[in-house]
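In the text below, chain A, chain B and the rest are named by the order of the sequence lines, each starting its count at 1. Every heavy atom of this structure was used, including side-chain atoms; hydrogens, water molecules and symmetry mates were not.
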Protein chains: 2
Amino acid sequence: MGPIRAESVTLPTPTRRIPCERCPLRLLPHFRPFTKTELDFVSQFKRGELVAEAGSIILSEGAHSAHLYTVLSGWAFRYKTLEDGRRQILNYLLPGDLMGLQGSVIGEMQHSIEALSPVVLCVFERDRLDELFASHPGLGFDITWLAAREERMLDENLLSVGRRTAFERAAYLVAFIHQRASVLGLSGNSRLVIPITQQHVADTLGLSIVHTNKTLKKLSDRGLIRWHDRACEVLDIEGLRAAAGWTEPPEGVRPLI
Amino acid sequence: MGPIRAESVTLPTPTRRIPCERCPLRLLPHFRPFTKTELDFVSQFKRGELVAEAGSIILSEGAHSAHLYTVLSGWAFRYKTLEDGRRQILNYLLPGDLMGLQGSVIGEMQHSIEALSPVVLCVFERDRLDELFASHPGLGFDITWLAAREERMLDENLLSVGRRTAFERAAYLVAFIHQRASVLGLSGNSRLVIPITQQHVADTLGLSIVHTNKTLKKLSDRGLIRWHDRACEVLDIEGLRAAAGWTEPPEGVRPLI
DNA sequence: CGACTCATTGAGTGGTCTCAAAGGTGGTGG
DNA sequence: CCACCACCTTTGAGACCACTCAATGAGTCG
């Protein structure tokens with residue numbers, strides 16, 4: 001139930017590789033276009049990049065991180081644990097998502113973040129956040145926008161864990177991740193494959209690993225998903241949405257810091 | 001399980017009563033002091049006050065509210081519902097808390113808010129939010145700060161619902177609300193009384209009303225709380241924290257818009 | 001090859017659910 | 001003023017969902 005391993009530590013790689021002007025994420029229609037001055041500011045706000053390997057802990061509960069990050073590529077998840085090891089996954093992080101905002105704004109992180117796949121992060125200096133708000137109010141507003149979006153996702157997850165049945169929860173989770181990944185073009189031409197284990201699903205849904213397995217098997221039996229070694233392949237997104245009682249409209253254009 | 005009633009509608013009372021310079025909340029050590037210019041701006045940013053009676057729905061899911069609010073006095077709660085009426089309470093709103101930020105920033109509200117007691121709100125124009133970010137970056141940062149704080153509370157609630165036992169959940173909820181209320185001086189000289197029904201507790205914890213009643217009875221039997229007609233009296237906060245496995249540090253100074 | 005993680009399945013337990021019924025309170029209308 | 005109704009709280013009984021314990025096989029890595 002708890003995090004079984006905490007084996008490796010993040011490898012700092014402060015070399016700047018991709019300039020913001022040629023950021024591949026900005027080409028996606030999902031992100032709002034920036035003005036030239038905004039782009040210039042973000043470009044020099046970015047201090048470098050950081051690469052984390054799969055399974056490494058990027059941020060730890062209790063830490064006072066001096067940085068704010070944006071996921072450039074890869075998958076990660078936020079989680080909290082109780083003292084006896086029970087773990088709750090709070091949300092997943094995909095390209096374009098901010099990481100470490102709580103720590104940057106309030107001071108101390110009260111959750112941890114672990115990489116699900118190799119992750120590349122854009123690193124920003126926390127100390128220059130004031131400057132961002134002062135010189136580019138639109139970017140400050142964007143950060144608030146992203147914080148409100150995270151709150152909205154948490155609302156939905158809380159509704160799931162609190163009030164949906166195990167079957168609905170599982171279907172909803174897969175449909176939700178699919179929704180987020182597909183607007184980023186992560187499914188490519190083929191079907192989306194989500195790099196998580198059943199333990200992750202269990203810790204997200206608030207279920208035991210055994211019951212999660214039996215619930216996922218129902219989804220498999222209905223042909224909605226196929227489970228691979230450490231991954232979930234989405235076969236029938238419409239079927240999943242129907243099983244989940246999905247009602248949400250697709251997300252429109254959003255900011256990217 | 002669903003919201004039984006939606007009887008009354010908010011009474012608009014756009015009369016300005018309390019000037020921000022004499023806001024009673026600002027006297028509390030819990031809120032960070034404002035500079036004169038910030039206070040002047042907020043004071044003219046505030047459009048008026050709104051009074052909602054207990055049980056009235058202040059904001060509805062799907063609405064495009066043109067306003068942002070701060071709770072001046074009273075209790076309320078945020079919630080979402082599924083189509084068949086299952087309800088999940090997401091968080092509670094106490095004096096000083098922002099209301100309607102998701103709607104103001106992203107556009108559409110995806111949750112509702114209902115008053116638990118008579119509530120007085122400070123009303124702000126959504127249209128002037130850009131102006132706030134542009135002319136007072138510190139206030140823009142404060143709004144982000146409050147959004148990050150809300151996210152943090154949701155993280156904790158999600159951990160509760162997903163991974164704590166029913167008994168721990170109930171104890172944690174009461175201890176959590178007590179923590180928030182006490183820094184606002186809401187308990188006065190006597191013990192804190194929280195104006196909620198057992199149905200609210202059930203919908204917060206993701207439990208049925210029957211099981212919630214039996215769980216709360218255990219807390220009562222141990223002398224930790226006393227249940228009144230529509231209220232919960234906190235008798236032994238240390239006992240509650242012990243039962244909940246409470247580990248959190250007290251919240252420091254925070255902003256107030 | 002052994003150690004480990006992940007996925008799977010069966011069996012039995014127990015936490016939580018639904019159904020049902022009761023008393024208390026407050027509000028409302030006859 | 002009283003009868004009635006709606007809501008809240010409480011309790012019991014039985015059903016069921018999800019849990020723990022246990023064991024197995026497949027795959028990976030050193």
Side chain to side chain contact (heavy atoms under 4.5 Å, CB included) assessment of A:Ile113 paired with A:Leu93: CA-CA 9 Å; A:Ile113 297 183; A:Leu93 292 144; 3.7 Å; yes
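For an aromatic pair to be called close, the ring centres must be under 6.0 Å apart, and A:His200 with A:Phe77 satisfies this.
One can place CZ of B:Arg163 at 15 Å from C1' of C:dG15, the figure rounded to the nearest angstrom. A:Ile209 places its CD1 atom 16 Å from the C1' atom of D:dA23, with the value rounded to the nearest Å. Rounding to whole angstrom units, NE2 of residue B:His228 and C1' of C:dT25 are separated by 15 Å. In this structure, B:Leu216 atom CG and D:dT9 atom P are separated by 9 Å, rounded to whole Å. Summarising the geometry, the separation between CZ on A:Phe167 and P on D:dC16 is reported as 19 Å, rounded to the nearest angstrom.
A:Arg149 and A:Asp97 are joined by a salt bridge, as a carboxylate oxygen and a charged side-chain nitrogen come within less than 4.0 angstrom of each other. Using a cutoff of 4.0 Å between basic side-chain nitrogens and carboxylate oxygens, A:Arg78 and B:Asp155 are scored as salt-bridged.
With distances taken from any side-chain atom of A:Lys214 to the nucleotides C:dT5, C:dT9, C:dC17, the minimum falls on C:dT9. The side chain of B:Arg230 has D:dC8 as its nearest neighbour among D:dC8, C:dA7, C:dA20. In the set D:dT20, C:dT16, D:dT9, C:dT16 carries the atom at the smallest distance from any side-chain atom of B:His211. Each of C:dT18, D:dT9, C:dC6 was ranked by its minimum atom distance to the side chain of B:Ser208; first place goes to C:dT18. Considering only side-chain atoms of B:Asn213, the nucleotide from D:dC19, D:dT10, C:dA7 that sits closest is D:dT10. If you check C:dG10, C:dA7, D:dC19 against the side chain of A:Leu207, the one that comes closest is D:dC19.
Contact between the side-chain N/O atoms of B:Gln199 and the OP1/OP2 oxygens of D:dC8 is not found at any separation under 4.0 Å. The shortest distance between the side-chain N/O atoms of A:Gln198 and the OP1/OP2 oxygens of C:dT5 is not below 4.0 Å.
Of the N and O atoms on the side chains of B:Tyr92 and B:Thr204, at least one donor lies less than 3.5 Å from an acceptor on the other residue.
Toward the 5' end of DNA chain D, the nearer of the two residues A:Asp229 and A:Arg164, judged by each one's closest nucleotide, is A:Arg164. The 5' end of DNA chain C is approached more closely, in terms of each residue's nearest nucleotide, by A:Trp227 than by the other of B:Arg169 and A:Trp227.
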